[in-house]
Each structure stands twice: as C-alpha cells, then as structure tokens.
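What follows is a single structure, written as structure tokens, with notes after it.
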2 protein chains.
Amino acid sequence: MSKQLPPEILELIADRFRILAEPARLRILNTLMLGERTVSDLVQDTGLNQANVSKHLGVLRASGFVDRRKEGLYAFYSIADPSVEVLCEIMCGRLEVQAHEQSAILAGSS
Amino acid sequence: MSKQLPPEILELIADRFRILAEPARLRILNTLMLGERTVSDLVQDTGLNQANVSKHLGVLRASGFVDRRKEGLYAFYSIADPSVEVLCEIMCGRLEVQAHEQSAILAGSS
DNA sequence: ACACTGTATGATCACATAGTAATATAAGGA
DNA sequence: TCCTTATATTACTATGTGATCATACAGTGT
C-alpha cells in the first residue's frame with residue numbers, strides 16, 4: 001500500500017485523469033454506460049455539436065476509454081474501460097461526504 | 001449502477017479529476033501518503049520550487065484533498081481524502097492492463 | 001457519376017492554468 | 001526592534017486545449 005511511484009508513472013496517471021477532467025467527456029461516457037451509441041446519438045443526447053463530439057470521442061478512444069465499431073455510415077462507440085464507472089462513483093461519493101460536512105458546519109455555526 | 005448523472009454533478013466530478021490531472025500534485029500527494037509533511041519537506045522531496053509547491057498545496061486544500069496544521073513557522077500538510085490512493089491505484093492498474101495488451105499485440109504481430 | 005448522409009479533421013480563437021520571480025506575511029530569536 | 005526563516009500571494013508569461021466553423025472523407029443510394 002502507498003508505495004512511492006516514479007515521476008514517469010505519475011505523469012501517465014495524470015494524463016488519464018486529465019482525460020476525465022472534462023464535463024463533456026463525462027457526459028459522453030455517462031451515456032455510453034447505457035450501451036453502445038453512434039456519434040449522432042451522442043450529439044442528440046449531449047447537445048454538443050458533431051465536430052465537438054467526434055473530437056472528444058477521438059481523445060477517449062486514443063486513451064483506451066472507449067471502443068469503436070464501424071458499420072456502414074455509422075460509428076458505434078462503447079465503453080472499453082470499465083474502471084471509468086468506479087472512478088466516477090468514488091468521486092461522487094466524495095462529493096456527498098463533503099456536502100454533508102458542509103451542512104454539518106453550517107448547522108453547527110448557526 | 002450506471003445511473004444517469006445531471007450535467008451539474010458531472011461538472012463537479014470533472015473539477016475533482018482536474019485537480020488530480022497534474023503530475024506535480026500527484027507527486028505531492030504520493031509523498032503525503034507516507035505521512036504528514038511540511039512545505040519545505042515537499043520542496044525537498046519533489047524538486048519543485050517553494051512558490052510552486054505552496055500553490056499546488058493551496059489548490060489541494062481548497063478542494064479538500066489535503067489538510068493543514070500550523071505550528072510555529074511550519075505548516076504541516078496531510079492527506080484529508082483517502083480516496084486519492086484508491087483512485088491512483090485504479091489508474092495504475094489500468095496502465096498495467098494496457099501495457100500487457102500492447103506487448104501481447106507486439107508479440108502476436110512478430 | 002452525382003448527391004446525400006454520417007463522421008473525421010484542419011484552422012482559428014479564446015480561455016484557463018502551470019511555472020517563475022518578486023514580494024508580502026507571519027513567527028521566532030538576538 | 002531588527003533579522004532570519006517558513007510559507008503565502010501577486011503579477012506575468014507561456015503553453016495547452018476546448019469550442020466552433022469549414023471542409024474533407026467515406027459509405028450508400030439513384
């Protein structure tokens with residue numbers, strides 16, 4: 001536990017965190033958790049424009065978070081890295097903890 | 001599982017990922033996993049300059065990842081959010097999986 | 001061959017932020 | 001009080017990248 005990691009590894013980890021540090025990409029991933037979707041589906045779902053969605057999908061694919069399957073004119077994207085969901089759940093859980101602490105502080109100071 | 005999250009929540013999650021998307025901050029956190037450290041300790045350990053370390057610590061503290069305890073001239077920082085370690089481990093595990101896949105591909109194509 | 005649709009790819013702009021130097025603040029000692 | 005040390009902050013620059021527009025590319029049908 002808590003072993004010291006060399007700077008090169010920490011850079012790679014930071015790179016992966018950076019991919020997820022974007023609301024638009026999280027929206028896309030969150031939709032993909034429901035199952036495979038085409039680019040057009042995601043454009044509809046997120047309200048982002050097509051170029052933007054395509055670019056985010058490119059980033060997500062290059063970093064191995066999603067997979068692509070081409071079929072005719074369509075490109076079907078899907079989650080390739082199941083850890084995404086776990087990561088978001090942890091972050092979410094932490095948000096709830098902090099929200100609790102804040103309301104506790106507010107309640108205490110009143 | 002895999003519930004749809006509203007955009008506001010995803011923005012908060014993205015904010016937290018962004019905090020961790022920095023090699024320098026991960027270096028600091030990784031050192032703090034060994035225990036409480038002063039700013040000077042961290043400057044020594046990371047090789048970053050003092051202003052830079054202070055600024056990163058400020059960001060980490062504002063987002064609740066670390067705590068501060070002042071004692072005389074010194075400021076002792078420590079991990080406040082234990083989930084950091086888990087998050088890094090997951091990312092690390094995923095890096096290993098990808099490394100394996102890549103070497104498998106290379107071996108197969110030879 | 002042409003037209004149409006879905007997706008990907010530049011080029012550009014705007015903005016956020018990491019790093020750094022200089023300086024400010026705060027605490028302790030002579 | 002003055003000096004020194006530890007930490008925080010401010011101002012600035014440079015770099016990275018998200019959003020957008022326009023356009024290119026690929027597959028399908030006529």
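Source: prediction; values computed, not measured.
Near-neighbour residues of DNA chain D inside residues 42-51 of chain B, defined by a heavy atom below 4.0 Å, number-ordered: Gln50(B), Ala51(B). Of the residues in residues 52-60 of chain B, those with a non-hydrogen atom less than 4.0 angstrom from any atom of DNA chain D are Ser54(B), Lys55(B). Listed by residue number, there are no residues of residues 5-23 of chain A with a heavy-atom contact under 4.0 Å to DNA chain C.
Minimum interatomic distance between Cys88(B) and Phe17(A) (heavy atoms only, all atoms of both residues): SG-CE1, 4.2 Å. Nearest heavy-atom pair, Asn30(B) versus Lys3(A), reported as atom, atom and distance to 0.1 Å: OD1-O, 3.3 Å. Nearest heavy-atom pair across Ile19(A) and Ser63(A) is CG2-OG, 3.7 Å.
In this structure, CG in Leu32(A) is found 11.5 Å from CD in Glu85(A), a value given to the nearest 0.5 Å. Here CG of Asp67(B) is found 11.5 Å from CG of Leu60(B). Values are rounded to the nearest 0.5 Å. Taken from CG in Leu20(A) to CG in Asp15(A), the straight-line distance is 11.5 Å, to the nearest 0.5 Å. Rounded to the nearest 0.5 angstrom, Met91(A) CE and Leu26(A) CG are separated by 9.5 Å. Here the CG atom belonging to Leu42(B) is positioned 9.5 Å from the CG atom belonging to Leu29(B), to the nearest 0.5 angstrom. The distance from atom OG1 of Thr38(A) to atom NZ of Lys70(A), rounded to the nearest 0.5 Å, is 12.0 Å.
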- Query: Which letters describe nucleotides 24-30 of chain C, given B = protein heavy atom under 4.0 Å from base, S = only from sugar-phosphate, - = neither?
  - Reply: --BBS--
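Pairs of residues two or more places apart, or lying in two chains, that qualify as salt bridge (Lys or Arg N to Asp or Glu O under 4.0 Å) and include a residue from residues 20-34 of chain B are Arg18(A)-Glu22(B). Among pairs with a residue in residues 32-59 of chain A, those fulfilling salt bridge (Lys or Arg N to Asp or Glu O under 4.0 Å) read Glu36(A)-Arg69(A), at least two apart in sequence or across chains. The list of salt bridge (Lys or Arg N to Asp or Glu O under 4.0 Å) pairs with a residue in residues 74-83 of chain B, not counting sequence neighbours, reads Arg94(A)-Asp81(B), Arg16(B)-Asp81(B).
Residues meeting the side-chain contact (heavy atoms from CB on, under 4.5 Å) test with Leu48(A), sequence neighbours left out: Ala24(A), Thr46(A), Asn52(A), Val53(A). Ile9(A) meets the side-chain contact (heavy atoms from CB on, under 4.5 Å) test with Pro6(A), Ile13(A), Cys92(B); sequence neighbours excluded.
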Tabulate atom names and distances for all N/O pairs under 3.5 angstrom spanning the protein and nucleotides 1-3 of chain C.
none

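Annotation: side chain of Arg68(B) is not in contact with side chain of Leu57(B) (no heavy-atom distance under 4.5 Å).
Using five terminal pairs a side, the axes of the helix from dA1(C)-dT30(D) to dA30(C)-dT1(D) at its two ends make an angle of 10°, given in steps of 10 degrees.
Cluster annotation: Val86(B) is connected to Leu12(A) through the hydrophobic network of ILVMFWY side chains, with a link wherever side-chain heavy atoms come within less than 4.5 Å.
Within the 4.0 angstrom heavy-atom criterion, no nucleotide atom of any strand lies near Arg61(A). Backbone-only engagement by Tyr77(B) is indicated by non-hydrogen atom pairs under 4.0 Å involving sugar-phosphate atoms exclusively.
Contact between the side-chain N/O atoms of Arg68(B) and the OP1/OP2 oxygens of dT7(D) is not found at any separation under 4.0 Å.
Between the side chains of Ser54(A) and Gln50(A), a donor-acceptor pair is found at a separation under 3.5 Å.
In this structure, OH of Tyr74(A) is placed 17 Å from C1' of dC25(D), rounded to the nearest angstrom.
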What donor-acceptor contacts under 3.5 angstrom involve side-chain atoms of residues 72-80 of chain A, with partners at least two apart or in another chain?
none

